[in-house]
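First the proteins, then the strands, lettered A, B, ... as listed; each starts at 1.
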Amino acid sequence: MNIREIVESMVSSVVRGKQEEWGLDKPVPVSLEIPRQESHGDFSTNAAMQIARHVGRKPRPIAEELVAALWAGDRSRRIGSLEVAGPGFVNITLSDDAWREILAHALAEGSRFGSSTIGGGRKVHLEFVSANPTGPLHVGHGRGAAVGDALGRILEFTGHEVVREYYVNDVGNQMDNLGRSLLARYRTECGKPADLPEDGYRGEYMVELARELRMEEGDRYADAPEEEVLPLFRKEAGDRILRGIREDLETFRVKYDRWFPEEELHVRGEVGDAVEELRRKGLLYESEGATFLRSQSMGDEKDRVLVRADGRTTYFAADVAYHRHKMRGGYSRLIDIWGADHHGYVARLRAALKALGGDDSALEILLVQFVTLVREGNPVQMSTRSGEFTTLREVLEEVGTDAARFFYLLRSYHTHLDFDLTLAKTQARTNPVYYIQYVHARICSIFREAEARGETLSEHPPISMLRLPEEVRLMKAVARFPDVVSEAAKNREPHRIPFYLLELADLFHAFYHQHRFLGETPERTQARLALARTVKTVVGTGLSLIGVTAPERM
RNA sequence: GCGCCUGUAGCUCAGGGGAUAGAGCACCGGCCUCCGGAGCCGGGUGCGGAGGUUCGAUUCCUCCCAGGCGCGCCA
């Protein structure tokens, strides 16, 4: 039950009804906003101004007609008052009964409150993180994980069928390089000094892996010829690193439906099939021994190589095959979440999809901007020289999963993120995640106290008792939740959830200090417990949508 | 040079073409015989610059300036 949608349809049906009378040849786009100022009502529409523009009349008389029609059409008596304001706004204030209606609804729906069917059961494919298994996840991957996982939860809650996938680049040069790097470290561990490859992976984690491998296998591979043991070392390195990635994501409470190995595309011949399909369509050409896709003619900066001169396919070719595979999976949307450093890749992938199917509109690519860790107000230095970035694991160990997820989602993914480690691990009011969780814990505590006093929330609490301005304000905040969730889903913007929760928490804490839930008259206690219950539910649901726990005690 | 993202309060950031632009942090001052003080109340300066579209622009468009990130037969 989305109050904003209800009001929106009230306005648009009235406008539709008067369309002919006003001489409108087609429906005008009408917007409904929640005014900044409370005195401007609960909702405000610019419909009269939009209509006036089309019919060449003054806005205010049209607004007056709109007001009359809205009154006439309000059979459910949800309207409290209407006024024409400013240049022609119609300000709509709902009756307290309308808000209580939502509250009753929220109470009845429980943890389903806020869910919707706007997704219409459509299948959405969500690919995120997909970091190469050549090193542990770092803080940037953490942001992609937080955004992707939250978006998945939000989309499911709004009626989408979501498949979450991690694409594992377990093929190619880098894996050879990784295997060689491990072999070199292993030999060094065995006391046979060996040099890392030119562009080898020099991170400390490779030394640890080598040590681990030697513990298990001894020195048996120390003198073996490289070509003989390389496949083994490549596999060991990839598998172990991937296992670490999976563990990190599990700790971070991020779940996938499928880990999709690139190798599978090669084994099943899908990379070759994709190339052949493009060839049949006449979109490839040979130059200097390599096979190029005519991507430039489809919006890319230049043509791209699919098959190298030595016959091996490029990473790009595999990625084209992967997206071709996804396109055939019956999804209505494919959402890719990439680090901002991959943005140069967007045009070529879109070009390839256009080449394959003529349509790339199902593909959405969300580019998540970079993360800077800040401690005590200073950026945490990352040493790129040694190949060591701050890992996601280190952050999780320092601040915990709840705080990390919350902080990652407290900014729109479009902007660079300064992740304040000091604040994130503060167990005090200044830490927004505790501030919100505290609402939940505090309400649980109220219910524990109520129970101790022999008070339980009845089946049909007298919510008509709720008429103080502070009570109504809190009801309005609760009522806004479904709209916040749908907007987060439609815009693919999980950060709207934590922002909303902060506002709700503010209102709740203020209310708590101004009024008492228990110990008033029996009716009032029941009514306020009902209010507390819905706030608790909404906070719990909101936190679950971003993958943060809602503790009963703190 | 070209492309993507971003310029809003001292700092970090919200703001679906609307009316008097908000929050947290930081800073200052208040509030505990009370259902949890991990809390509450009060205190204020700002849309990078220039044009354009519009009745109306922080929001959309163009240019300029600044920051971040890209521009491989690497992945």
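A/Thr134 and A/Gln174 share no donor-acceptor pair across their side chains, judged by distance under 3.5 Å alone. With hydrogens and angles left out, the side-chain atoms of A/Gln50 and A/His54 include no donor and acceptor closer than 3.5 Å. For the residue pair A/Thr93/A/Asp42, the side-chain donor-acceptor check at 3.5 Å is not satisfied.
Residue A/Asp199 places no side-chain atom within donor-acceptor reach of the base of B/A75, judged by atom type and a 3.5 Å distance cut-off alone. Between the side chain of A/Thr134 and the base of B/A75, no donor-acceptor pair under 3.5 Å is found.
Spacing between B/A23 and B/C5 at atom P, rounded to whole Å, works out to 30 Å. With C1' as the reference atom, B/U45 and B/C28 are 15 Å apart, rounded to whole Å. If you take atom P in B/C69 and the same atom in B/C73, they sit 23 Å apart, rounded to whole Å. The separation of B/A21 from B/G46, taken at their P atoms, amounts to 10 Å, rounded to a whole angstrom. For the C1' atom pair drawn from B/G18 and B/C60, the interatomic distance equals 14 Å after rounding to whole Å. To the nearest whole angstrom, the two P atoms, one in B/C63 and one in B/U12, are 28 Å apart. For B/G42 and B/U8, the C1' atoms lie 25 Å apart once the distance is rounded to whole Å. Taking atom C1' on both B/U20 and B/C65, the two are 31 Å apart, rounded to the nearest angstrom.
For A/Phe419 and A/Tyr408, the ring centers are positioned less than 6.0 Å apart. The aromatic ring centres of A/Phe128 and A/Tyr166 sit 6.0 Å or more apart. In this structure, the ring of A/Phe517 has its center less than 6.0 angstrom from the ring center of A/Phe508.
A/Met49 approaches A/Pro59 most closely through the heavy-atom pair CG-CB, 4.0 Å. Of all the heavy atoms in A/Thr158 and A/Ala489, the pair that sits closest is OG1-CB, 3.5 Å. Taking all atoms of both residues into account, the shortest heavy-atom contact from A/Val84 to A/Gly88 is CG1-CA, 4.5 Å.
Note on A/Lys302: a side-chain N or O is less than 4.0 Å away from OP1 or OP2 of B/G72. Phosphate contact (OP1/OP2 of B/C35, side-chain N/O of A/His509, threshold under 4.0 Å): absent. For A/Arg308 and B/C74, the shortest distance from a side-chain N or O to OP1 or OP2 is below 4.0 Å. Neither OP1 nor OP2 of B/G56 sits under 4.0 Å from any side-chain N or O of A/Arg53.
The nucleotide whose nearest atom lies closest to any side-chain atom of A/Pro87 is, among B/G24, B/G18, B/A38, B/G18. Each of B/C40, B/A75, B/G36 was ranked by its minimum atom distance to the side chain of A/Arg448; first place goes to B/G36. Side-chain proximity of A/His513 to the nucleotides B/G36, B/G37, B/G18 is greatest for B/G37. Checking B/C73, B/G36, B/A19 against every side-chain atom of A/Asn91, the shortest atom distance belongs to B/A19. Closest contact between the side chain of A/His414 and the listed nucleotides B/G36, B/A75, B/C5 involves B/C5. Between B/C69, B/G68, B/C73, one nucleotide has an atom nearer to the side chain of A/Val305 than all others, and that is B/C73. Among B/C73, B/G15, B/A19, the nucleotide with an atom closest to any side-chain atom of A/Ala85 is B/A19. Of the candidate nucleotides B/C35, B/A38, B/A75, B/A38 has the atom nearest to the side chain of A/Tyr438.
Here A/Tyr435 does not lie in a stacked arrangement on the base of B/A38, lacking the combination of planes under 30° and ring centres under 5.5 Å apart. Ring-base stacking between A/Phe370 and B/C69 is not satisfied when judged by a centre separation under 5.5 Å and a plane angle under 30°. For the pair A/His416 and B/G68, the ring geometry does not qualify as stacking, because the centroid separation below 5.5 Å and plane angle under 30° are not jointly satisfied.
Under the 30°/60° scheme for interplanar angles, the aromatic rings of A/Phe511 and A/His515 are found to be tilted. Ring orientation note: the planes of A/Phe292 and A/Tyr285 are close to parallel, at an angle under 30° on the 30°/60° scale.
In this structure, A/Glu38 places its CD atom 16 Å from C1' of B/A21, rounding to the nearest Å. Regarding A/Glu552, its CD atom lies at a distance of 15 Å from the C1' atom of B/G36, rounded to whole Å. Here the P atom of nucleotide B/G72 and the OH atom of A/Tyr315 are 16 Å apart, to the nearest Å.
A/Phe316 comes within 4.0 angstrom of nothing in the nucleic acid, heavy atoms only. Heavy atoms of A/Met49 sit under 4.0 angstrom from at least one base atom. Using a 4.0 Å heavy-atom distance criterion, A/Ser44 is classed as a base contact. Counting non-hydrogen atoms under 4.0 angstrom, A/Gln427 reaches a base of the nucleic acid. Nucleic acid contact class of A/Leu518 (heavy atoms, under 4.0 Å, all strands): base. The residue A/Gln37 sits close to a base: some heavy atom pair falls under 4.0 Å. In this structure, A/His515 reaches the bases: a heavy-atom distance under 4.0 Å links it to at least one base atom across the strands shown. Across all strands shown, A/Ile436 has no heavy atoms under 4.0 Å from either base or sugar-phosphate atoms. If you check every strand for non-hydrogen atoms under 4.0 Å, A/Ala510 touches sugar and phosphate atoms only.
Residues A/Lys326 and A/Glu165 are not paired through a salt bridge, judged by the lack of any N-O separation under 4.0 Å between the basic side chain and the carboxylate.
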Pairs under 3.5 Å (N/O, protein and nucleotides 7-11 of chain B):
none

Do any N or O atoms of the protein come closer than 3.5 Å to N or O atoms of nucleotides 59-61 of chain B, and which pairs are they?
none

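In this structure B/C55 sits in the anti conformation; its chi angle is more than 90° from 0.
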Requested in this report: Could you walk me through whether A/Arg411 and A/His416 pass the side-chain hydrogen bond (donor to acceptor under 3.5 Å, both in side chains) test, one step at a time?
Outcome: CA-CA 8 Å; A/Arg411 300 285 178 262; A/His416 296 189; over 6 Å; no

Report task. Could you walk me through whether A/Arg448 and A/Glu451 pass salt bridge (charged side-chain N to carboxylate O under 4.0 Å, His left out), step by step? Result -> CA-CA 5 Å; A/Arg448 281 193 296 271; A/Glu451 206 165 324; over 6 Å; no

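A cation-pi arrangement, defined by a distance under 6.0 Å to the six-membered ring centre and an angle within 45 degrees of its axis, is absent between A/Arg480 and A/Tyr500.
For the salt bridge (charged side-chain N to carboxylate O under 4.0 Å, His left out) test with A/Arg528, the passing option among A/Glu523, A/Glu455, A/Glu471 is A/Glu471; the others fail.
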Report summary line: RNA chain B in dot-bracket form (Watson-Crick or G-U pairs under 3.5 Å, [ ] crossing, | inter-strand) is (((((((..((((....[...)))).(((((.......)))))....(((((..]....))))))))))))....

